[in-house]
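Chain naming here is simple, since letters A, B, ... match the order of the sequence lines and numbering starts at 1 in each.
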Amino acid sequence: MIDPRILRTEPSTLEESLRRRGIDLDVTSLVALDERRRVERMRAEEIRAEQKNVGKSVSKLQGDERQAAIARAGELSTAYKEALAAADASDAEFNEIWVALPNLVDETAADGTEEEDAETLRVWGEPGEGDFLDHVELGEKHGFLDIERAAKVSGSRFGFLLGPLVRLEFALVNYALDRLEPHGFTPVVPPVLVRDHALYGTGFFPGDADQVYSLPADDLYLVGTSEVSLAAMHADEILDQDSLPLRYAGFSTCFRRESGTYGKDTRGIFRVHQFDKVEMFAFVHPDTAQDEHDFLLAREEELVQGLGIPYRVMNIAAGDLGSSAAKKYDIEAWFPGQGRYREITSTSNTTDFQSRRLKIRFRGDEGNQLVYTLNGTAIAMGRWLISIVENYQQPDGSIVVPEALRPYVGFDTIG
RNA sequence: GGAGAGGUGGCCGAGCGGUCGAAGGCGCUCGCCUGCUAAGCGAGUAGGGGGUUAAAGCUCCCUCGAGGGUUCAAAUCCCUCCCUCUCCGCCA
């Protein structure tokens with residue numbers, strides 16, 4: 001959620017941000033609505049103040065005077081209820097619009113509204129030459145991936161990972177944690193079932209509610225990323241400034257409905273309903289948020305480079321940002337089976353968008369301030385496994401294990 | 001699943017219809033004192049929102065788990081829900 005005060009101080013900034021996201025919204029009428037709700041709130045509070053004053057005098061008065069005061073307070077009580085209802089209605093009207101607004105876009109986010117509008121910041125490594133099998137073919141050859149049986153059990157967009165692929169997954173998790181913990185990331189296994197406030201707080205509700213699995217019998221939701229649980233972990237807290245930056249590396253299974261993606265990335269486990277992920281999450285002082293964003297990106301590049309996988313870094317276009325992000329960098333790895341670069345990590349600076357809703361503050365020099373939150377993928381399973389087996393396949397069809405992972409998996413080649 | 005206890009400010013903990021946004025303690029901040037990594041003394045110290053202000057400040061409203069209700073008036077009474085803890089049962 002954006003600070004509503006921007007409507008009074010610099011509505012043009014909001015207008016510009018919405019324009020860059022390609023959202024058509026009448027800011028002028030929002031300013032008027034904000035004005036109206038404050039006037040109505042003020043009116044209600046004035047009546048309430050008088051009611052309280054009269055009410056307080058009751059206990060000191062006797063006889064007729066007392067009766068008159070009670071009667072007067074009764075009138076004011078009624079008037080207050082009406083005024084309050086009016087103010088609440090205006091607030092509700094305003095909030096419905098306001099909570100749906102995406103975060104203010106950082107001025108350095110790339111222009112445009114499409115995925116293709118992302119700006120390429122740098123390219124690392126060289127895609128290999130020659131004919132490549134894709135991960136599904138490799139999976140069949142080596143027996144480490146079973147999509148068909150997964151469909152029998154669970155439908156489309158699921159997979160059974162088997163044998164060496166499972167070893168690779170756990171190796172990747174340990175590889176990531178070993179490289180993040182020295183940087184102050186506390187490993188966390190968070191809840192993956194959360195209440196709706198965690199999803200509102202992180203900006204997935206109301207906008208992306210159709211992407212989230214829900215368990216209506218228990219009013220719980222399955223997270224699409226541990227970002228949700230990690231962000232909400234410190235909700236309603238006032239942190240010590242000395243504790244910042246507060247960094248976590250959350251490992252969790254992620255669940256995504258992938259609604260509206262019919263026919264897109266249907267092959268293999270590139271886009272599935274369930275995968276495991278190590279996610280970085282940071283609570284920081286506002287002044288260090290930009291640096292932290294670069295820091296998270298550096299951690300991601302370190303992890304990808306450590307595996308020797310070719311990639312490029314993208315500055316995502318304003319109109320392609322998620323609702324909570326002010327700026328986002330994606331790392332796209334080279335996928336030989338697809339012959340192109342595809343997203344394998346994503347790191348966002350969500351500024352105070354999540355902390356405002358979740359009420360996460362710190363005791364600062366100028367009183368309590370909202371922290372800034374940032375998130376970034378460390379390792380995301382399906383895609384990282386694919387990029388490894390595809391990039392490391394040999395002419396004879398075998399797969400070499402990246403050197404950095406060998407201490408963890410216990411073998412050097414698959415097949 | 002059954003039985004009970006409880007949710008108050010950064011923490012602990014009183015209050016159980018008006019004088020309570022809330023005693024007391026701890027912690028923290030500032031000042032004083034003290035010749036020593038301590039003690040003592042004084043002051044301050046919840047959050048959110050509105051109005052006014054250059055700012056400081058002043059002022060009003062809301063918040064004692066959440067949401068409703070009763071009442072002129074609720075932390076205090078009633079209802080619903082959530083959460084925590086203890087015991088029993090079941091169980092990875």
Under the ring pair (Phe, Tyr, Trp, His ring centres under 6.0 Å) test, residues paired with A:Tyr392 that sit two or more places apart = none
ask   = Under 4.0 Å between a Lys/Arg side-chain N and an Asp/Glu carboxylate O for A:Asp320 and A:Arg21?
value = no
B:rA73 and B:rU45, which share atom name C1', separated by this distance in whole Å = 30 Å
task = Write down the distance separating the C1' atoms in B:rU70 and B:rC79, rounded off to the nearest Å.
result = 11 Å
message = Suppose we screen for salt bridge (Lys or Arg N to Asp or Glu O under 4.0 Å). Which residues come up paired with A:Asp146, at least two apart in sequence or across chains?
response = A:Arg149
note = Paired to B:rC26 by Watson-Crick or G-U wobble criteria (both distances under 3.5 Å) is B:rG10
key: Nucleic acid footprint by protein, nucleotides 70-81 of chain B - heavy-atom cut-off 4.0 Å, B for base, S for sugar-phosphate alone   = --BS--------
message = Under the rule for ring pair (Phe, Tyr, Trp, His ring centres under 6.0 Å), what residues qualify as partners of A:Phe132, not counting sequence neighbours?
response = none
task = Could you verify whether a donor N or O on one side chain and an acceptor N or O on the other, from A:Thr377 and A:Lys277, lie under 3.5 Å apart?
result = no
Contacts of A:Arg167 that satisfy salt bridge (Lys or Arg N to Asp or Glu O under 4.0 Å) - sequence neighbours left out = none
query = More than 12 heavy atoms of other residues, nucleotides or ligands under 6.0 Å from CD of A:Glu258: is that the case?
reply = yes
query = C1' atom, B:rA75 versus B:rC20: distance in rounded Å?
reply = 8 Å
query = Does a side chain donor of either A:Ser324 or A:Asn103 reach within less than 3.5 Å of an acceptor in the other side chain?
reply = no
message = Whether the side chain of A:Trp98 engages the backbone of A:Met1 through a donor-acceptor N/O pair (distance < 3.5 Å, no angle test) should be reported.
response = no
ask   = In the structure shown, which nucleotide is the Watson-Crick or G-U wobble counterpart of B:rC20, with both distances under 3.5 Å?
value = none
For nucleotides 53-57 of chain B, give me every protein contact, N/O to N/O, under 3.5 Å, one pair per line with atom names.
none

Nearest-Å distance for atom pair NE2/C1', residues A:His234 and B:rG10 = 15 Å
key: Watson-Crick/G-U partner (both atom distances under 3.5 Å) of B:rG1   = B:rC88
ask   = With sequence neighbours left out, what residues match A:Glu115 under salt bridge (Lys or Arg N to Asp or Glu O under 4.0 Å)?
value = none
query = What is the base-pairing partner of B:rC41, counting Watson-Crick and G-U wobble geometry with both distances under 3.5 Å?
reply = B:rG31
inquiry  = Is A:Lys52 close enough to B:rC62 that one of its side-chain N or O atoms is under 4.0 Å from OP1 or OP2 there?
reply    = yes
inquiry  = Below 30° counts as parallel, above 60° as perpendicular, anything between as tilted: where do the rings of A:His285 and A:Phe362 land?
reply    = tilted
inquiry  = In whole Å, I'd like the distance from the CG atom of A:Asp196 to the C1' atom of B:rG67.
reply    = 14 Å
task = Could I get the full list of salt bridge (Lys or Arg N to Asp or Glu O under 4.0 Å) partners for A:Arg267, not counting sequence neighbours?
result = A:Asp134
request  = In whole angstrom, give me the gap between the P atoms of B:rU59 and B:rA66.
outcome  = 27 Å
ask   = If we take the C1' atom in both B:rG7 and B:rC64, what is their distance in whole Å?
value = 10 Å
ask   = Quick one: ring pair (Phe, Tyr, Trp, His ring centres under 6.0 Å) partners of A:Tyr311, sequence neighbours excluded?
value = A:Trp124
Could you pull out the protein-nucleic contacts involving nucleotides 47-49 of chain B (nitrogen or oxygen on both sides, under 3.5 Å)?
| from | atom 1 | to | atom 2 | distance (Å) |
| --- | --- | --- | --- | --- |
| B:rG47 | OP1 | A:Asn368 | ND2 | 2.8 |
| B:rG47 | O3' | A:Arg361 | NH1 | 2.7 |
| B:rG47 | O2' | A:Arg361 | NH1 | 3.1 |
| B:rG48 | OP1 | A:Arg361 | NH1 | 3.3 |
| B:rG49 | N2 | A:Glu45 | OE1 | 3.3 |

query = If we take the P atom in both B:rG15 and B:rC91, what is their distance in whole Å?
reply = 43 Å
message = Using the P atom as the point on both nucleotides, what is the distance between B:rU8 and B:rG65, in whole Å?
response = 7 Å
request  = Quickly work out the A:Glu46 CD to B:rC60 P distance and round it to whole Å.
outcome  = 12 Å
ask   = So what's B:rA46 paired with, Watson-Crick or G-U wobble, going by both distances under 3.5 Å?
value = B:rU63
Atom pairs, N/O to N/O, protein against nucleotides 82-84 of chain B, distance under 3.5 Å?
| from | atom 1 | to | atom 2 | distance (Å) |
| --- | --- | --- | --- | --- |
| B:rC82 | O3' | A:Arg195 | NH2 | 2.8 |
| B:rC82 | O2' | A:Arg195 | NH1 | 3.4 |
| B:rC82 | O2' | A:Arg195 | NH2 | 3.1 |
| B:rC83 | OP1 | A:Arg195 | NH2 | 3.2 |

request  = For B:rC62 and B:rA74, measure between their P atoms and round to the nearest Å.
outcome  = 9 Å
query = ring pair (Phe, Tyr, Trp, His ring centres under 6.0 Å) with A:Phe158: which residues, sequence neighbours excluded?
reply = A:His273
ask   = Think A:Arg247 forms a cation-pi with A:Phe281, using NZ or CZ under 6.0 Å from the six-ring centre and within 45 degrees of its axis?
value = no
Value in whole Å for how far the P atom of B:rG9 lies from CD of A:Glu237 = 13 Å
